[in-house]
Asks: 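So that we are looking at the same thing, I have put the structure below in structure tokens.
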Amino acid sequence: MSVEAVVWDIGRVLVQFDLAGIYAQAIPDPVERARFVSEVVTEDWHAQHDEGVSFAEMVAARTVQFPQYADLIALYASNWLASLPGRCRARTP
């Protein structure tokens, strides 16, 4: 059997993806959650992972930039499955 295809990215390709879903329980206010995802844990920042940067590297670097959000930033790595609607719910920090 030979390999016919390789999928490098499943979010928004094979399944739905919602970055803010990681923070649904940790940041219950939808306005505050949207602000956090647009200013701290952004789509552009998330794209680094698709480019091969590890969760650990990304979280460490972002925590240096936003130390006041260290617990929330850490949720990105530990609860990323919550970005797939209908899958998991994020834990609160």
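Just so you know, these numbers come straight off a predicted model, no measurement behind them.
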Asks: Can you tell me how far OG1 of Thr63 sits from CG of Asp71, rounded to the nearest 0.5 angstrom?
Replies: 9.0 Å
Asks: Can you see which heavy atom on Arg62 is nearest to which on Thr42, and at what distance?
Replies: NH2-OG1, 3.8 Å
Asks: Are Val40 and Trp45 close enough that some pair of their side-chain heavy atoms sits under 4.5 Å apart?
Replies: no
Asks: Apply side-chain contact (heavy atoms from CB on, under 4.5 Å) to residues Asp29 and Arg35 and explain how you reach the verdict.
Replies: CA-CA 10 Å; Asp29 178 351; Arg35 185 205 60 78; over 6 Å; no
Asks: What heavy-atom pair brings Ala26 and Leu72 nearest, and what distance separates the two atoms?
Replies: CB-CD2, 3.6 Å
Asks: Return the minimal non-hydrogen interatomic distance between Val59 and Ala74, and the atom names on each side.
Replies: CG1-CA, 4.1 Å
Asks: Tell me every residue that passes side-chain hydrogen bond (donor to acceptor under 3.5 Å, both in side chains) with Ser54, counting only those two or more places apart in sequence or in another chain.
Replies: Glu57
Asks: For the atom pair CZ (Phe66) and CD1 (Ile73), what is the distance rounded to the nearest 0.5 Å?
Replies: 7.0 Å
Asks: Run the numbers on Leu19 and Val41 for side-chain contact (heavy atoms from CB on, under 4.5 Å), then give the verdict.
Replies: CA-CA 8 Å; Leu19 183 57; Val41 179; 4.3 Å; yes
Asks: Quick check: closest heavy atoms across His46 and Tyr76, and the distance to 0.1 Å?
Replies: ND1-OH, 2.7 Å
Asks: Got a second to check how far Tyr69's OH is from Phe36's CZ, nearest 0.5 Å?
Replies: 7.5 Å
